[in-house]
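The figures that follow rest on heavy atoms only: side chains count, while hydrogens, waters and symmetry mates do not. Throughout, protein chains are lettered first and strands after them, A, B, ... in sequence-line order, and every chain is numbered starting at 1.
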Amino acid sequence: MSDKRREETSPVGIEVTGVTRTAFLVRGALGAGAIAGAGGALGFASQAFGQETTTTTGEESEELRQTGGPGAVGDLEILAFALGLERLEAEYYVRALEQVDLSDEVKDLAEDIADNEQQHIEKLLTVIDVLGGEPPAAPTFKFDFSSEAAFLDTAVALEETGVGAYNGAAPAIQEAFLLEAAGGIVQVEARHAAAVNLARGTSPTGPFSELLDAATVEKKIAPFIVG
Amino acid sequence: MSEQGFTRGRLLGAALGAGGAAAFLSACGGDDSPVDFDPDAKLGPAIFPPDEDLVEAFGPGDIGIANYALTLEYFEADMYAQLASSGILRGSEQSLIEDFATNEQDHVEVLIGAIKGAGGTPAERITGKFKFKDRDQALDLVLEVEELGAGAYLGQAPRIRSKEVLKLALSIHTVEGAHAASIATLLGRSIVPDGSISAPESAKTVLDSVTPLIES
């Protein structure tokens, strides 16, 4: 943490050969690749996860993007939303591993995926912190586990929603380093989706991934959120 | 210069003629998504500089990136087609490879439509020289190519200027990741070789790896 703080106070100008302060901070915090995420449009995080933020309409956020405004503002909200999705996914696998009688193969897969999602959470928290944001409180989730088949069905739904949410929000990301990092995460979500589909005996992918808008994502995850 | 013409209407209008276009439009939420193309639009205050190796091989701008992607899709489509007709695989593995062949051909068609719609010239079709020997060796090779393909899209995404082209790239990128994970699953390998965050690949790494396998 001390290293990250040191980066944050580095005397970086607004732009140095195209590298913004945001980029510098993110890169410093996370090493070469960077990190981050995406989610819905602005305002979505507050609706979906009870975060106290000013909501912004999609049109306003688009205007902000086009004018090259302070990227960290919009990006922070996307990061907060991504954090909510990752928390939902991580907790889903953790609880399933406790509560569902899974076959060895599915159990191994669930453990690996849970580990990935936990790492996404930690990276997102780090980036939010470094960018001066305040992570939203973790929501309370509810899941119904009745069988391995039911577990796989919901896992597929969550992973595919995650892919669509990141892909849908990615074009709104201001900072190229965050876009790269979000891409690195969403590719992993797509890998999870493929693997759980195969475990379920269903097709791992269609020809094109969906790009989900915020309202669609919100609708898909609403059944899992208590408050 | 090379960015001109990547309007949503022209991009998707042209793509409509292609076989996989309906699926892509559906993936993007259909026709009512906002028309947000602006030839001067940039991703934000920091867009990555061009990948010079890509520019040298395929030209500048989004059309160069799209032609790079198209060339990789030609290669992958041919790889799957050759493997599917080799008789090496059986049952569900054969079905999977046939599905993936169709996915890659859909990517080819949509990319050609996008490039033409933007006033560009699609790269010429290439074929691969794959020597498939047995199941494990064949899937090993496919996995290597898919990992490169997924990394290639990730490497270029922060360099794309047009949001419409970016959406198309994102929509394909995660399919390549799904392909890689699927093949890895068949082979009993890790589905996330880079760990929890996948790594981008430079055009140099990708082209150096793929070029020896291209039929000249």
Is there side-chain contact between B:L166 and A:L179, with heavy atoms separated by less than 4.5 Å? yes
Bottom line for A:V186: the part with an atom under 4.5 Å from chain B's heavy atoms is both
Out of A:V188, A:D112, A:N197, return the one with the most heavy atom pairs under 4.5 angstrom to chain B. A:V188
Report yes if the side chains of A:H120 and B:I197 come closer than 4.5 Å at any heavy-atom pair, otherwise no. yes
Student check: side-chain heavy atoms of B:S182 and A:L198 closer than 4.5 Å: yes
Count the heavy-atom pairs under 4.5 Å between each of B:V192, B:I172, B:V175 and chain A, then report the option with the highest count. B:V175
In Å, rounded to the nearest 0.5 Å, how long is the span from CZ of B:R159 to CD of A:E180? 7.5 Å
Side chains of A:S203 and B:L96, heavy atoms from C-beta outward: is any pair under 4.5 Å? no
Under a 4.5 Å heavy-atom cut-off, does chain A meet the side chain of B:L186, its backbone, both or neither? neither
Interatomic distance, A:S209 atom OG to B:K167 atom NZ [nearest 0.5 angstrom]: 15.0 Å
Taking the side chain as every heavy atom from C-beta outward, state whether B:I191 and A:L109 have any atom pair closer than 4.5 Å. yes
Heavy atoms, side chains only, cut-off 4.5 Å: are A:F208 and B:N103 in contact? no
Which answer fits B:A199, side chain, backbone, both or neither, if we ask what part of it has an atom under 4.5 Å from a heavy atom of chain A? neither
Neighbour count >12 (heavy atoms, 6.0 Å) for atom CD, A:E111: yes
Using heavy-atom distances under 4.5 Å, tell me whether B:T174 contacts chain A through its side chain, its backbone, both, or neither. both
Under 4.5 Å heavy-atom distance to chain A, tell me which part of B:Y153 shows up: side chain, backbone, both or neither. neither
For B:S196, which of A:E117, A:Q119, A:K123 qualifies under side-chain hydrogen bond (donor to acceptor under 3.5 Å, both in side chains)? A:Q119
Is a side-chain N or O of A:R191 found less than 3.5 angstrom from the main chain of B:A178, in a donor-acceptor match? no
